[in-house]
Amino acid sequence: MTSLKIIKNYINGEFVDSENYFDDISPVDGTLVAKVSEADEIIVDNAVQAAKNALHGEWGAMSQKDRSEMLNKVADEIEQRFDDFVAAEIADTGKAHAQVKNIDIPRGAANFRFFADLAASQNEQSFKMDTPDGKGATNIIVNKPIGVVSVISPWNLPLLLMTWKVAPVLAVGNTVVVKPSEETPSTATLLAEVMDTVGMPKGVFNLLHGFGPNSAGEFMVANKDVDAITFTGESSTGSTIMKNAAVGLKPVSFELGGKNAAIIFADADFDAALAGTVRSAFSNCGQVCLCSERVYVERAIFDKFVSALKEKAEAIKIGRPEDDADMGPLISKEHKDKVLGYFSLALEEGATVITGGSVPEFGDERDNGAFIKPTIWTGLSEEARIIKEEIFGPVCHISPFDQEDEVIAKANDSEYGLAAAIWTTDMDKANRVARQMEVGICWVNDWFLRDLRTPFGGVKLSGIGREGGIHSLEFYSEPLTICIKE
Ligand code: NAD
Ligand code: 6OD
C-alpha cells in the first residue's frame, strides 16, 4: 500500500503544515497525487515576515559573487535531482516525457544559471557632470533590491515559469514568497527542498500553496509588507490582482493570455511551416500561452496546408507519458469542460470540423482523465468567439488570405498581443510584416525559440512590462542615484 503524500508550505527554512488540505489530482486518470496544505492568511503573513527579515541578514550582506554562486548551486541540484523533477511534473500534469525532459526541467535549471551569471556581470553606472564652480560632480547609480516579491505562477509550464521569475528575483538580492498553481504544487516543493540542500539562508525562499481568491494568492497580493508582484496567468486574473495591488501602489509585472496568429505565406518552406505549426498549435496539449490558435494561410496553398495539418494532427499519439505518448491530457477536468464548451460553440458558430472536436475513448482509467483530441476548424468569420477568445487547448482555426495588408489587419485584430509566427522565404516580406505585428514577440520561420536575454511579454490584454535579461533585473531592483559634489 502506498502512503498518502502530503505537500507542505516552506517558510523560513521549515516545511509547515496547515489545517486545510486540497487535492492534487492526476489529469491522466483522476487519481489522487497528494494532499496539499493550503496556506491561510496567517501562514502567508508568516512567510512574508520571514522574507522581510531575511532581506537584511546573511542574504543582504552576501556579495553578488556569492549570491550568484548559490543560484548556480540551485541549478546544479535541480540537475542532480533531474529524474525527481521529471516525475513530479508529470504526476501533476500528465505531460509527454519529451516535453518535460527537454523543456520544462532543463529550462528550470537554465533560468537559475542565466540570471546568476547576468547579475554577476552587471556594473554600476556613473555619470560625471560639470558644475558652475568648475569642480564637477559624480552621479553613481546603485541598484538595490526592491524587497519582498510575491511570485504567482500558472500550471502550464510549472517549474519553467516559476523559476523564470524566482531566479532573477533572488539574483539581485530580493527575497521571495512564491505560489505555484493549485494544480501543480509538486515541482515547486522539490525546489524548496533544493533551496534547503544548497543552504539558502532561512526566509529567502518561501513557498505557499493555495488558490487565488480568498486564499494564498489574494493574501500574497494584499499583504502590506510585499513590495512587488510578478504574475503569470489569465488576463482576467491579472486585472483582479492589479485592483488589489493598487491599494498599496505595488509595482506589477504581468505575463498574461494570448490569442496568437501564425501567418503562412505561399512561398514558405511548406514542410518547415507545417512542422512548426504542428508544434505551435499542439505542443503541451495546446497549453502554452504562445500557441497559435489562429492560423492564416495564403489561398494558393490553403487546401494543401489544411489537409497536411489534419494528417499530422491525426498522427499525434495521445496517452500516458509512460506509454511514450506525444500528447498528454489537459490540466484538469474543469479545463476539459471549458475546452469542450468551445467545441460546442464552434459548431454553433458554423465551423467546419476538419479533425478532432471530441474526446478520445480508451476503455480504461484514462477515460477518467482530461484527454481531448487535437482539433482543427475552418470556415468561421473573424468575428466568431472561437477566433476572439483564448481557448488554451490543442486547437486552431485556419483561414485563407489573399493580401499581405489583409492578413496583417486580421492578425492584429485581437484584444491580445502576445506572440506571432510568420512563415516565408522572402526576408524582405518577413521583416516588413513582423515589424507591423502588435505583439511582444514575433518569430520568423520558427516558434518558441528563446534567447533569455531578450525582452519577453505582451501588449494589450497580454501583459504589462517585459521580463527577460536586463528587463527582469530592472523590474526587481530599485535604482538609487547618489550625486557627489567634488
Ligand atoms: P490563472 O490566472 O487561473 O492562475 C494563475 C495563478 O494565479 C494561480 O497560481 C492561481 O492560484 C493564482 N490566482 C488566481 N486568482 C488569483 C487572485 N485573485 N489573486 C492572486 N492569485 C490568483 O491562470 P492558469 O489557468 O493557471 O494559467 C493559464 C493562463 O495563463 C492562460 O491564460 C495563459 O495564456 C496564461 N499564461 C501566460 C503566459 C505568458 O507568459 N504571457 C505564460 C503562461 C500562461
Ligand atoms: O520562455 C519563457 O521564458 C516564457 N516565459 C514562456 C512562456 C510560455 C507560456 O506559456
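First listed ligand is number 1; within each ligand, the first listed atom is number 1. The model shown is predicted, which means the values in this text are computed figures rather than measured ones. What's counted below: heavy atoms across the whole structure, side chains too, no hydrogens, waters or symmetry copies.
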Exercise for the section: Check whether any side-chain N or O of Lys336 sits under 3.5 Å from a backbone N or O of Leu330 as a donor-acceptor pair, and report yes or no. Expected result: no
Exercise for the section: Measure the distances from the heavy atoms of Pro180 to every atom of ligand 1 and state whether one is below 4.0 angstrom. Expected result: yes
Completion exercise
of all protein heavy atoms, closest to atom 6 (C) of ligand 2 is Phe456 CZ, 3.7 Å
Exercise for the section: Would you check if there is a donor-acceptor pair between the side chains of Thr163 and Asn111 at a distance under 3.5 Å? Expected result: yes
Problem - Element-labelled atoms of ligand 2 that are located less than 4.0 Å from some non-hydrogen atom of Arg450 - result: 1 (O), 2 (C), 3 (O)
Practice task
Mind checking whether Thr232 contacts ligand 2 via backbone (N, CA, C, O), side chain (CB onward), both or neither, at a 4.0 Å heavy-atom cut-off?
Solution key: neither
Handout entry: Flag if over 12 foreign heavy atoms under 6.0 Å of CD, Glu322
Key = yes
Handout entry: Contact bool for atom 11 (O) of ligand 1 (protein heavy atom, d < 4.0 Å)
Key = yes
Practice task
Flag this pair as yes if the NZ/CZ of Arg450 is under 6.0 angstrom from the six-membered ring centre of Trp164 and inside a 45 degree cone about the axis; otherwise no.
Solution key: yes
Handout entry: Test of proximity, Glu390 against ligand 1: N or O pairs below 3.5 Å
Key = yes
Problem - Ligand-residue contact atoms, ligand 2 with Leu161, heavy atoms, under 4.0 Å - result: 4 (C), 5 (N), 6 (C), 7 (C)
Problem - Nearest neighbour of atom 39 (C) of ligand 1 from the list Gly458, Gly463, Cys289, Ser236, on a heavy-atom basis - result: Cys289
Practice task
Give a yes/no on ligand 2: does Arg107 have at least one heavy atom closer than 4.0 angstrom to it?
Solution key: yes
Problem - Between Gln287 and Thr93: side-chain donor-acceptor atoms closer than 3.5 Å - result: no
Practice task
Tell me which part of Phe231 gets within contact of ligand 1: side chain, backbone, both or neither, using heavy atoms under 4.0 Å.
Solution key: side chain
Handout entry: Interfacing atoms of ligand 1 (cut-off 4.0 Å, heavy-atom, Glu218)
Key = 19 (N), 20 (C)
Exercise for the section: Decide whether an N or O pair under 3.5 Å exists between Gln287 and ligand 2. Expected result: no
Exercise for the section: Mark yes when over 12 heavy atoms from residues, nucleotides or ligands other than Lys101 sit less than 6.0 Å from its NZ; otherwise mark no. Expected result: no
Practice task
Would you check whether Phe254 reaches within less than 4.0 Å of ligand 1, judged by its heavy atoms?
Solution key: no
Fill in the blank from the handout: Under 4.0 Å from one or more heavy atoms of Leu157, ligand 2 contributes atoms 8 (C), 10 (O)
Exercise for the section: Mark up the atoms of ligand 2 that fall under 4.0 Å of a heavy atom belonging to Val288, in ascending order. Expected result: 9 (C), 10 (O)
Practice task
Pull out every atom of ligand 1 sitting under 4.0 Å from any heavy atom of Phe456, numbered as shown with elements.
Solution key: 40 (O)
Practice task
Step by step, work out the side chain to side chain donor-acceptor pair (under 3.5 Å) result for Asn9 and Asn206.
Solution key: CA-CA 8 Å; Asn9 304 286; Asn206 303 278; over 6 Å; no
Practice task
Look at atom 24 (P) of ligand 1 and say which protein heavy atom is nearest, naming residue and atom and giving the distance to 0.1 Å.
Solution key: Trp155 NE1, 3.3 Å
Exercise for the section: Answer yes or no: is there a side-chain heavy-atom contact under 4.5 Å between Met242 and Phe254? Expected result: yes
Practice task
Decide yes or no for Thr184 and Ser153: does some side-chain heavy atom of the first lie under 4.5 Å from some side-chain heavy atom of the second?
Solution key: no
Problem - Close-contact set for ligand 1 against Thr240 heavy atoms, below 4.0 Å - result: 18 (N)
Practice task
For ligand 1, indicate whether the residue Thr237 contacts it via side chain, backbone, both or neither (heavy-atom separation under 4.0 Å).
Solution key: side chain
Exercise for the section: Just jot down the ligand 2 atoms closer than 4.0 angstrom to any heavy atom of Asn156, in number order. Expected result: 9 (C), 10 (O)
Handout entry: Where ligand 1 meets Gly217 - atom numbers and elements under 4.0 angstrom, heavy-atom basis
Key = 19 (N), 20 (C), 21 (N)
Exercise for the section: Would you mind telling me which of Glu38, Lys179, Glu41 makes a side chain to side chain donor-acceptor pair (under 3.5 Å) with Ser215? Expected result: Glu38
Problem - Glu415 atom CD, neighbour heavy-atom count above 12 within 6.0 Å - result: no
Problem - For Asn156, the ligand 1 atoms whose distance to one of its heavy atoms is below 4.0 Å - result: 43 (C), 44 (C)
Practice task
State, with a plain yes or no, whether a side-chain heavy atom of Ile387 is found less than 4.5 Å away from one of Arg294.
Solution key: yes
Practice task
Give the residue, atom name and distance (to 0.1 Å) of the protein heavy atom nearest atom 8 (C) of ligand 2.
Solution key: Cys289 SG, 3.2 Å
Handout entry: Residue from Asn46, Asn53, Asp45 passing side chain to side chain donor-acceptor pair (under 3.5 Å) with Gln49
Key = Asp45
